[in-house]
Amino acid sequence: MIGKSEIDSIFFDLDGTLWDGVNCYAQGFNDFFEFNNIDRRLTVNDLYNFMGLEEDEYLEVLLPEFQLDRRKLMYNDIVDFQYKRIKSGGGILYEGVKNGLYELSRKHKLFIVSNCSEFTIKHFMDWSGIEGCITDTMSHGMNFKPKHENINFLIKKHNLVNSVYVGDTESDSEQSRLARVPFVFVDYGFGVALNYDLRFDSFSTLTNYFK
């Protein structure tokens, strides 16, 4: 059991943990395809199974017909379309997230670490209105490093002592172990996890536990 009184910081995954933005991501791909007259379309279901992967793995599965260099150039434009979709409509913010984050921020430093593109977290925070309670963020698109390295970078940067990482997949669990921080599994997200220190079925119950 995690000693609640000892926790000074909580790290959150983004997709499947704080929101479902997959429709924005799929629409961004399709906006790019349409703009470039590429006869290809992706659905939301095409993306769900690959959420949380790092960029190269993600693109290898979704754009296998293109060479690596071409995929990466295409993705630069695709994410710009995705950012526009986030700003114009956004996704689905999970119930209890906004109020819960503000409650938790009164006691803990809060962070977001995700495998998303460079500015996805920023646009998400602007859209959701939660930027005021987040201390710092890191995304894979900023430095192309794995989650555990980005978690440890922020721990060192902010002189944190007892952190936990909240996510929704077994990959999040593995990255937590590599970062040597306890893993908190939220089972309402995109994936499953077999190894965790705590498990919650809603963001509200997580909030009530840690606040």
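Start at 1 with the first residue, then count along the sequence.
A donor-acceptor pair under 3.5 Å is formed between the side chain of Asn162 and the backbone N or O of Glu6. A side-chain donor-acceptor contact under 3.5 Å links Gln175 to the backbone of His148. Side-chain atoms of Asp136 do not come within 3.5 Å of backbone N or O of Phe111 as any donor-acceptor pair. Using a distance-only test at 3.5 Å, with no hydrogens or angles considered, no donor-acceptor pair links the side chain of Asn208 to the main chain of Thr205. Remark: side-chain polar atoms of Thr169 are not paired, donor with acceptor, to backbone N or O of Gly191 under 3.5 angstrom. A side-chain donor-acceptor contact under 3.5 Å links Ser88 to the backbone of Arg85. Judged by distance alone, with hydrogens and angles left aside, the side-chain atoms of Asn115 form no donor-acceptor pair with the main-chain N or O of His140 at under 3.5 Å.
Separating the CZ atom in Phe81 from the CG atom in Asn76 is a distance of 12.5 Å, to the nearest 0.5 Å. Atom NZ of Lys122 is separated from atom CE of Met142 by 12.0 Å, given to the nearest 0.5 angstrom. Rounding to the nearest 0.5 angstrom, the gap separating the CD1 atom in Ile78 from the CD atom in Gln82 is 7.0 Å. Taking CG of Asn36 as the reference point, atom CD of Glu34 lies at 10.5 Å (rounded to 0.5 Å). Atom OG1 of residue Thr135 and atom CG of residue Leu160 lie 8.5 Å apart, to the nearest 0.5 angstrom. Atom NZ of Lys109 is separated from atom CG of Leu104 by 15.5 Å, given to the nearest 0.5 angstrom.
Contact detail for Pro182 and Asp197: the closest heavy-atom pair is CA-OD2, 3.3 Å. Nearest heavy-atom pair across Gly16 and Phe190 is N-CE1, 3.4 Å. Among all heavy-atom pairs drawn from Tyr209 and Leu198, the shortest one is CE2-CD1, 3.5 Å. When all heavy atoms are compared, the tightest approach of Val181 to Tyr165 is CG2-CB, 4.1 Å. Across all their heavy atoms, Ser114 and Asp15 have their closest contact at OG-OD2, 4.4 Å. The nearest pair of heavy atoms linking Gly91 to Cys24 is N-SG, 4.1 Å.
Relative ring orientation between Tyr83 and Phe119 is described as perpendicular, the plane-to-plane angle rising above 60° on a 0-90° scale split at 30° and 60°. Relative orientation of the Phe210 and His108 rings is perpendicular, given thresholds of 30° and 60° on the angle between their planes. The aromatic rings of Trp19 and Tyr25 sit perpendicular to each other, their planes meeting at more than 60°, with 30° as the lower class boundary. Between Tyr188 and Tyr94, the ring planes are perpendicular. Angles over 60° get that label, and only those under 30° would be called parallel.
A single hydrophobic cluster is not seen to contain both Leu73 and Tyr75; linkage of ILVMFWY side chains at heavy-atom distances under 4.5 Å, directly or through other members, places them apart. In the hydrophobic cluster analysis, where Ile, Leu, Val, Met, Phe, Trp and Tyr join through side-chain heavy atoms closer than 4.5 angstrom, Leu68 is grouped apart from Val61. Hydrophobic clustering (side-chain heavy atoms under 4.5 Å, transitive across Ile, Leu, Val, Met, Phe, Trp, Tyr) keeps Val166 apart from Phe153. Both Met51 and Phe203 are assigned to one and the same hydrophobic cluster, defined by single-linkage of ILVMFWY side chains at heavy-atom distances under 4.5 Å. A continuous path of Ile, Leu, Val, Met, Phe, Trp and Tyr side chains, each step under 4.5 Å between heavy atoms, connects Phe183 with Leu154, placing both in one hydrophobic cluster.
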Evaluation steps, salt bridge (Lys or Arg N to Asp or Glu O under 4.0 Å), between Lys147 and Asp172:
CA-CA 8 Å; Lys147 278 185 180 179; Asp172 289 332; 2.4 Å; yes
Run the side chain to side chain contact (heavy atoms under 4.5 Å, CB included) check on Thr137 and Met125 step by step: do they pass?
CA-CA 10 Å; Thr137 69; Met125 292 195 300; 4.0 Å; yes
Between Leu63 and Ile38, does a side chain to side chain contact (heavy atoms under 4.5 Å, CB included) hold up when you go through it step by step?
CA-CA 12 Å; Leu63 302 172; Ile38 297 173; over 6 Å; no
Set out, in order, the CA-CA distance, both residues' side-chain angles and the distance that settles side chain to side chain contact (heavy atoms under 4.5 Å, CB included) for Leu110 and Ser9, then state yes or no.
CA-CA 6 Å; Leu110 306 183; Ser9 50; over 6 Å; no
Kindly indicate, with the supporting measurements, whether the criterion side chain to side chain contact (heavy atoms under 4.5 Å, CB included) is fulfilled by Leu194 and Glu170.
CA-CA 7 Å; Leu194 300 177; Glu170 186 63 28; 3.9 Å; yes
Intermediate values then yes/no, salt bridge (Lys or Arg N to Asp or Glu O under 4.0 Å), Arg41 and Asp46
CA-CA 10 Å; Arg41 292 294 179 272; Asp46 289 330; over 6 Å; no
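Within 6.0 Å of the CD atom in Glu95, the count of heavy atoms belonging to other residues, nucleotides or ligands does not exceed 12. The environment of Glu57 atom CD is dense: over 12 non-hydrogen atoms of other residues, nucleotides or ligands sit within 6.0 angstrom. Sparse packing is recorded around CZ of Arg180, with 12 or fewer heavy atoms of other residues, nucleotides or ligands lying under 6.0 Å away. A 6.0 Å sphere centred on NZ of Lys145 holds no more than 12 heavy atoms belonging to other residues, nucleotides or ligands.
Between Phe35 and Asp77, every side-chain heavy-atom pair lies at or beyond the 4.5 Å cut-off. Using a 4.5 Å heavy-atom cutoff, the side chains of Glu54 and Pro146 are in contact. When side chains are defined from C-beta on, Asp56 does not count as touching Phe144, because their heavy atoms never get closer than 4.5 Å. Between Thr17 and Leu206 there is no side-chain heavy-atom pair separated by less than 4.5 Å.
Checked options Asn150, Ile151, Ile121; the residue passing with Met138 is Asn150 (criterion: side-chain contact (heavy atoms from CB on, under 4.5 Å)). Between Glu65 and the options Arg40, Arg71, Arg70, a salt bridge (charged side-chain N to carboxylate O under 4.0 Å, His left out) holds for only Arg40.
Electrostatic pairing of Asp187 and Arg199 counts as a salt bridge here, judged by a charged N lying under 4.0 Å from a carboxylate O. We find that Asp80 and Lys84 are not joined by a salt bridge, their nearest charged nitrogen and carboxylate oxygen being 4.0 Å or further apart.
At a cut-off of 3.5 Å, with distance as the only test, a side-chain donor of Tyr48 or Asp20 sits close to an acceptor on the other residue.
The ring pair (Phe, Tyr, Trp, His ring centres under 6.0 Å) search around Tyr102 returns none, not counting sequence neighbours.
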